Amino acid sequence: MTIHWKKLNPAQRDAVKAVEGPVLVVAGAGTGKTRTIAFRTAHMLETGIAPESILGITFTNKAARSMRERVSGLVGRDTATRIPLSTIHSLCARMLREDIAALGRDPQFSIFDTGDQIALIRTAMAEHGLDPRRNDPRPLQFRFSTVKNTGDADRAFDDPQTLAIYNRYNALLQKNNALDFDDLLAFAARLLRERPEVLAKYQDRFRFVMVDEYQDINNVQYELLFLLARAHRNIYAVGDEDQSIYGWRGASMDHIRNFEKAFPGARIVKLERNYRSTQQILDASNLLISRNTGRRDKKLVSALGPGFAVRVLAAASDRDEAAAVIDRIISEKHKAHLRLSDFGVLFRTNAQSRIFEEALIARGIAYVLVGAAKFYERKEIKDLLAYMRFAANAQDAAALDRIINYPARGIGKKSVDAIVDFAMAHGQPAGFVLRDGGLLAQLPDRTRAGVEFFTRIMDEFRDRSSRRPIADSVRWLIEKLDFKTVLEKASDDVNAARRRLENMHELVSSLVDYESVNRDASLAGFLENAALLTDERESDDDLKEDSVALMTLHSAKGLEFTVAFVVGCEEGFLPHDRSMDTDEEVQEERRLMYVGMTRAMKRLFISWCGARRKFGDMVRRKPSRFLKEIESLVEYDDPGEVKDEARSAYADIAKSQMERFKQLFQDK
């Protein structure tokens with residue numbers, strides 16, 4: 001293994017060679033941070049550091065996969081698989097499987113995804129006098145998540161009813177022997193904080209800690225990382241204050257701002273050489289973000305040359321804005337011989353997609369709404385996962401409720417309620433009483449036969465999963481329960497049934513992949529991966545087709561497009577009207593626009609409209625203050641440049657709208 005230093009620029013080489021002690025790498029957009037981390041990992045191995053002692057933390061499974069692929073290309077697959085590289089949630093799940101018993105909890109816990117959490121919150125709401133049919137449980141789920149990431153529940157809730165629902169929700173989690181996503185972090189932090197012997201074990205195991213996207217960590221994550229790195233102080237944090245866009249999820253920029261205070265003597269390395277965007281795109285982006293305060297000064301410099309100026313599309317209405325964007329897509333596609341997948345349309349809120357979807361459909365242009373569908377949230381996949389969850393954790397009542405009569409085996413709701421009542425009366429989880437003779441004697445013959453069949457299936461599935469490849473056991477389950485026939489009977493659409501069965505077999509394929517790269521593969525381990533994946537957008541899969549990509553600015557993080565459009569750049573959208581109360585909120589909105597702008601590789605267009613329909617009425621709009629801040633470095637689009645075959649009503653109004661642009665700024 002030889003490091004090819006010539007493949008790195010001077011700043012990257014400095015970052016790669018920084019191994020001992022605390023290091024903060026301030027990595028601007030498109031500056032090759034993944035390459036830098038991968039080369040540093042290879043360099044550490046070359047100096048004799050054991051791969052098992054290098055803990056690598058990312059915040060998405062996509063980033064973890066990308067990092068492992070990069071490292072594998074440098075050091076080989078076998079060595080790369082020995083490096084504990086994962087998301088922080090996966091790390092916490094593994095720690096808890098190993099040591100949660102020290103906190104009095106069962107290590108065979110299930111991980112409840114968002115859907116499971118909502119179901120428990122509905123139950124807790126109903127028990128405490130709040131009708132879940134009239135009150136959306138999702139805001140409560142968001143509040144509960146925030147509390148678990150920030151601290152004291154007694155102070156966080158201003159009314160006793162919400163506190164009671166929160167406490168009941170957590171009691172239901174414990175009854176199911178389950179943790180939610182936030183519990184993984186909170187329990188792991190508590191474990192390290194309260195059990196010095198456990199902390200010492202992990203500090204000795206992970207002598208080097210690397211953290212990607214450090215600007216996005218919240219308080220609980222910071223505590224975890226600080227405790228792990230405190231003994232050896234070998235923490236390598238990579239991040240960019242200018243791309244911190246998750247404050248609403250609890251991320252705090254204070255941690256990256258105060259890195260030197262937390263780790264005295266820390267070395268700071270700046271990566272400013274950009275390999276993604278042309279200089280004129282970067283100049284406008286640099287100018288915009290320079291308005292933010294409390295940031296480390298840096299200036300991105302392009303390795304690609306000057307390129308084209310940033311263009312502003314000014315339209316009279318929201319429909320004209322959509323027409324203008326599509327005209328430009330068609331024009332640029334023909335002029336530069338591009339594919340539809342080279343274009344990304346980025347907006348602040350999901351609701352803004354509708355007008356662009358309608359316009360693209362009307363013009364016969366293929367598009368994909370990124371993040372709209374998630375593999376692990378499809379019904380047939382959740383059904384299979386529920387069988388796997390119950391096999392791994394017989395206390396998982398939510399999984400049992402989903403599968404005990406699916407496929408149908410004569411166990412109706414009354415019988416399920418009777419099983420639950422019997423379990424509660426005997427103080428045992430429902431999954432433990434299915435063999436109880438007293439219970440079976442109370443059930444009708446058909447129901448009893450169904451319960452006995454279900455128990456036999458689960459026993460054999462559990463046994464197969466423990467002694468054979470997990471993929472084979474799930475393949476056996478699909479065939480044993482004849483899901484092919486079940487899906488065909490449930491749908492009049494043969495093709496839809498076939499796709500759902502294909503999805504089931506795709507889950508088997510994912511198990512094969514999981515087992516091929518995990519030496520200690522287990523049913524519980526795969527379920528952890530699957531549960532954590534439900535909390536991510538599957539952007540890679542969405543972008544495989546040759547289609548224009550539509551997505552929110554938050555979803556665009558980590559992606560890039562030859563031509564990018566940041567649309568709806570108006571006061572009330574960007575910055576959003578719910579994020580304008582404080583200067584810090586406006587600064588995060590500015591960072592969000594900065595992230596959108598730096599997704600563009602060769603061309604960047606920013607659009608806004610003078611009037612937009614809201615609740616049926618046309619409402620006047622004003623261009624964003626962010627446009628004003630970069631006005632000196634943008635050009636106003638000339639519809640005459642658009643090819644004749646792409647022209648629309650936009651061409652008739654754009655010129656007059658451009659003249660209004662400056663006047664509207666003067667009105668503000």
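Note that this is a predicted model, so its numbers are computed, not measured.
A 4.5 Å side-chain heavy-atom check between Val368 and Leu550 finds every atom pair outside the cut-off. Ile111 places a side-chain heavy atom less than 4.5 Å from the side chain of Leu184. Proximity of Ile88 to Phe59: side-chain heavy atoms (C-beta onward) are separated by under 4.5 Å at one or more points. Within the 4.5 Å cutoff, the side chain of Thr31 has no heavy atoms near those of the Glu272 side chain. In this structure, the side chains of Leu313 and Arg328 come closer than 4.5 Å at one or more pairs of heavy atoms. Between Leu553 and Leu574, the closest side-chain pair of non-hydrogen atoms falls below 4.5 Å. With contacts defined as side-chain heavy-atom distances shorter than 4.5 Å, the pair Leu360/Ile326 qualifies.
Separation of atoms OG (Ser277) and CE (Met601) is listed at 7.5 Å; rounding is to 0.5 Å. From Leu288, atom CG reaches atom CG of Asp283 across 12.5 Å, with rounding to the nearest 0.5 Å. Distance check, rounded to the nearest 0.5 Å: CG of Leu91 to CG of Leu185 gives 9.5 Å. In this structure, the separation between CZ on Phe144 and CD1 on Ile121 is 5.0 Å, given to the nearest 0.5 Å. With rounding to the nearest 0.5 Å, the separation of OG1 in Thr598 from CG in Leu300 is 8.0 Å. Asp318 CG to Ile355 CD1: the interatomic distance, rounded to the nearest 0.5 Å, is 4.5 Å.
No close placement of the Phe112 and Phe181 rings is indicated, their centers lying 6.0 Å or farther apart.
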- Before giving the answer on salt bridge (Lys or Arg N to Asp or Glu O under 4.0 Å), spell out for Glu241 and Arg296 the whole-Å C-alpha distance, their side-chain angles and the decisive distance to 0.1 Å. CA-CA 8 Å; Glu241 296 152 308; Arg296 288 178 176 81; 3.1 Å; yes

- Query: Given the rule in the side-chain contact (heavy atoms from CB on, under 4.5 Å) test, do Glu357 and Tyr367 qualify, once you have shown the distances and angles that lead to the verdict?
  - Reply: CA-CA 8 Å; Glu357 290 186 73; Tyr367 75 92; 2.6 Å; yes

- Stepwise salt bridge (Lys or Arg N to Asp or Glu O under 4.0 Å) test for Lys148 and Asp180: CA-CA 10 Å; Lys148 290 186 178 186; Asp180 62 24; 2.8 Å; yes

- For side-chain contact (heavy atoms from CB on, under 4.5 Å), just list the numbers for Met593 and Cys569, CA-CA rounded to whole Å, side-chain angles, deciding distance to a tenth of an Å, and then say yes or no. CA-CA 9 Å; Met593 182 165 176; Cys569 194; 3.6 Å; yes

- Task: Kindly determine whether Val548 and Ile365 satisfy side-chain contact (heavy atoms from CB on, under 4.5 Å), including the steps that lead there.
- Result: CA-CA 8 Å; Val548 175; Ile365 299 174; 3.9 Å; yes

- Hey, mind stepping through Arg143 and Thr146 against side-chain contact (heavy atoms from CB on, under 4.5 Å) and telling me if it holds? CA-CA 5 Å; Arg143 287 186 66 186; Thr146 301; 5.6 Å; no

- Show your working on salt bridge (Lys or Arg N to Asp or Glu O under 4.0 Å) between Asp327 and Arg363 and close with a plain yes or no. CA-CA 10 Å; Asp327 285 351; Arg363 301 285 282 273; 3.1 Å; yes

- Query: Checking salt bridge (Lys or Arg N to Asp or Glu O under 4.0 Å) for the pair Arg590/Glu629: CA distance, chi angles, key distance, verdict?
  - Reply: CA-CA 10 Å; Arg590 188 178 285 110; Glu629 292 169 1; 2.8 Å; yes

- List the steps and the verdict of ring pair (Phe, Tyr, Trp, His ring centres under 6.0 Å) for Tyr594 and Phe626. CA-CA 10 Å; Tyr594 172 83; Phe626 301 152; over 10 Å; no

- Query: Which is it for His554 and Tyr246 under the ring pair (Phe, Tyr, Trp, His ring centres under 6.0 Å) test, yes or no, and what are the steps along the way?
  - Reply: CA-CA 8 Å; His554 284 99; Tyr246 296 110; 5.7 Å; yes

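Here the closest heavy-atom approach between residue Trp608 and residue Pro623 is recorded as CZ3-CD, 3.6 Å. Minimum interatomic distance between Arg625 and Pro575 (heavy atoms only, all atoms of both residues): NE-CG, 3.7 Å. Heavy atoms only, all atoms of each residue included: Glu570 and Cys609 are closest at OE2-N, 3.0 Å. Heavy atoms only, all atoms of each residue included: Arg599 and Ala29 are closest at NH2-CB, 3.9 Å. Among all heavy-atom pairs drawn from Gln243 and Gln215, the shortest one is O-NE2, 3.8 Å. Considering every non-hydrogen atom in both Leu346 and Gly596, the closest pair reads CD1-O, 3.7 Å.
A donor-acceptor pair shorter than 3.5 Å cannot be found between the side chains of Ser353 and Asn350. Looking at Glu380 and Asn503, their side chains do bring a donor and an acceptor atom within 3.5 Å of each other. Between the side chains of Asp182 and Ser145, at least one donor N or O lies within less than 3.5 Å of an accepting N or O. Between the side chains of Thr293 and Gln587, a donor-acceptor pair is found at a separation under 3.5 Å. The closest side-chain donor-acceptor pair between Asn218 and His255, if any, does not fall under 3.5 angstrom. Between the side chains of Asn9 and Tyr275, at least one donor N or O lies within less than 3.5 Å of an accepting N or O.
For Arg68, the CZ atom counts as densely surrounded, since its 6.0 Å shell holds more than 12 non-hydrogen atoms of other residues, nucleotides or ligands. Remark: Lys379 NZ is packed, more than 12 non-hydrogen atoms of other residues, nucleotides or ligands lying under 6.0 Å away.
Using a distance-only test at 3.5 Å, with no hydrogens or angles considered, a donor-acceptor pair links the side chain of Gln352 to the main chain of Arg348. When atom types are taken as modelled, the side chain of Glu635 and the backbone of Val310 share no donor-acceptor pair closer than 3.5 angstrom. Looking at Glu588, its side chain does come within 3.5 Å of a backbone N or O of Gly247 through a donor-acceptor pair. The backbone N or O of His576 sits nowhere less than 3.5 Å from a side-chain atom of Ser579 that would complete a donor-acceptor pair. Checking side-chain atoms of Thr41 against main-chain N and O of Ile37 turns up a donor-acceptor pair under 3.5 Å. Judged purely by atom type and a 3.5 angstrom limit, Arg500 has no side-chain atom pairing as donor or acceptor with the backbone of Ile381. A donor-acceptor contact shorter than 3.5 Å is absent between the side chain of Glu506 and the backbone of Glu502. In this structure, the side chain of Lys270 does not engage the main chain of Gly28 through any donor-acceptor pair within 3.5 Å.
A cation-pi contact, defined as under 6.0 Å to the ring centre and within 45° of the axis, is absent between Arg311 and Tyr636. Cation-pi check for Arg603 over Phe308 is met; the charged atom lies under 6.0 angstrom from the ring centroid and within 45 degrees of its normal.
With respect to the salt-bridge test (charged N to carboxylate O, under 4.0 angstrom), the residues Asp216 and Lys557 qualify. At a threshold of 4.0 Å, the pair Asp342-Lys333 does not count as salt-bridged, since none of the basic side-chain nitrogens sits closer than that to a carboxylate oxygen. A salt bridge is defined here as a Lys NZ or Arg NE, NH1 or NH2 lying under 4.0 Å from an Asp or Glu carboxylate O, and Arg591 with Glu584 meets this definition. We find that Lys298 and Asp242 are joined by a salt bridge, their nearest charged nitrogen and carboxylate oxygen being less than 4.0 Å apart.
Ring geometry for Phe605 against Phe565 counts as parallel: the plane angle stays under 30°, on a 0 to 90° scale with 60° as the upper cut. Under the 30°/60° scheme for interplanar angles, the aromatic rings of Phe347 and Phe356 are found to lie parallel.
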